[in-house]
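Working notes, structure below.
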Protein chains: 2
Amino acid sequence: MVTQAQPLATKPLAKREPDPADHTTCAVMSDILNRIGDKWSVMIVGRLGHGTKRFSELKRAVEGISQRMLTLTLRNLERDGLVVRTVYPEIPPRVEYKLTPLGETLLEPINALWDWASVHGEDIARARERYDGP
Amino acid sequence: MVTQAQPLATKPLAKREPDPADHTTCAVMSDILNRIGDKWSVMIVGRLGHGTKRFSELKRAVEGISQRMLTLTLRNLERDGLVVRTVYPEIPPRVEYKLTPLGETLLEPINALWDWASVHGEDIARARERYDGP
DNA sequence: CAGGATCCAAATAGATACTG
DNA sequence: CAGTATCTATTTGGATCCTG
């Protein structure tokens, strides 16, 4: 309940190797992964990396997503401070979503992953074929 | 011992921006995220980044994981060619896990994420407090 | 248009108990 | 030690209907 105003900003835990034995960072990672690891968050963040989009644009852009999941995912991203939601009180209603500065910083590691996926995706596919049987 | 596969190098699909409209890479991403996005894979890969570990070592190192989930996750990582499993026919049995060359390449984007998490974890925590109510 | 509310199916995860 | 086999609880996602 205490809205503690600790000297915030970029005074993190210090850079460190990924170390699952480090329970603090480990917990944070679990948390992050729960967000970006879900089925849609990365797609949406990636799409918003191209600029502001409204709800229906996202729905069309992110192939296969249901209305419900788009709403839920956007709410979570908003809650985590990665996305801002702006409502224009018009008729018909218009709602726009864009990345926050924090959200934009996430774009970088996500791009790294995206690159990895595009480079090694076929390696994985081959590994699976090998594993699943000759 | 296990230097069987050369890192297959970089002959990818060409570098590209994250673009959820690109259905090919998009599908690959979904796939990758399904692997590294689950609750345990990243922890395990991170831990194996420090070197070969046996089953019980991993179980102790990755806090909170159940035997079942460790087995399942390791099998998936093995299937995807990210981890090699070596059984030593001794009594009592000994099984060791280590990253493949492909698995090691994954360490890099994972580290990027880990860094991001350690830097911005508190930002997210604060954003949530703000969102959830004062 | 941008959702909220429901209901239901499927995927995931945890807790045992048992085994070579 | 390193699993497998079950059974159950929780999470998640999709489909559908409704509204300002």
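What you see is a predicted model; the values in this text were computed from it and never measured. Proteins get letters first, then strands, A, B, ... in listed order; numbering begins at 1 in each.
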Mind checking if B:Lys59 touches a base, just sugar-phosphate, or nothing, with heavy atoms under 4.0 Å? nothing

Protein-nucleotide distance (B:Tyr97, atom OH; D:dC1, atom P), rounded to Å: 14 Å

Please check the phosphate of D:dG13 (OP1 and OP2 only) for any side-chain N or O of A:Ser66 closer than 4.0 Å. no

Rounded to the nearest Å, what distance is computed from the CE atom of residue B:Met69 to the P atom of nucleotide D:dA2? 19 Å

Please state how far atom CZ in A:Arg68 lies from atom P in D:dA15, giving the value in whole angstrom units. 12 Å

Could you tell me the boundaries of the chain A footprint on DNA chain C, defined by atoms under 4.0 Å from its heavy atoms? C:dC1 to C:dT6

Does the pair B:Arg75/B:Asp80 count as a salt bridge with the N-to-O cut at 4.0 Å? no

Hey, what bend do you get for the helix from C:dC1-D:dG20 to C:dG20-D:dC1 if you fit axes on five pairs at each end, rounded to 10°? 50°

Flag the pair B:Lys98 and B:Glu96 as a salt bridge only when some basic side-chain nitrogen lies within less than 4.0 angstrom of an acidic carboxylate oxygen. no

Name every residue in residues 71-85 of chain A that has at least one heavy atom under 4.0 Å from any atom of DNA chain C, in order of residue number, or write none if there are no such residues. A:Thr71, A:Arg75, A:Arg85

Between CH2 of B:Trp116 and CD1 of A:Ile36, what distance do you get to the nearest 0.5 Å? 8.5 Å

Should A:Thr73 and A:Asn76 be marked as a side chain to side chain donor-acceptor pair (under 3.5 Å) after you check the CA-CA gap, both sets of side-chain angles, and the distance that decides it? CA-CA 5 Å; A:Thr73 308; A:Asn76 283 328; 5.8 Å; no

According to a 4.5 Å side-chain heavy-atom criterion applied to Ile, Leu, Val, Met, Phe, Trp and Tyr, with indirect links allowed, do A:Ile65 and A:Leu72 form part of one hydrophobic cluster? yes

Rounded to the nearest angstrom, tell me the gap between atom CZ in A:Arg35 and atom P in D:dT11. 14 Å

Heavy atoms under 4.0 Å, any strand shown: does A:Gln67 hit a base, just sugar-phosphate, or nothing? base

The reported gap from NE2 in A:His50 to CG in A:Leu107 (rounded to nearest 0.5 angstrom) is 8.5 Å

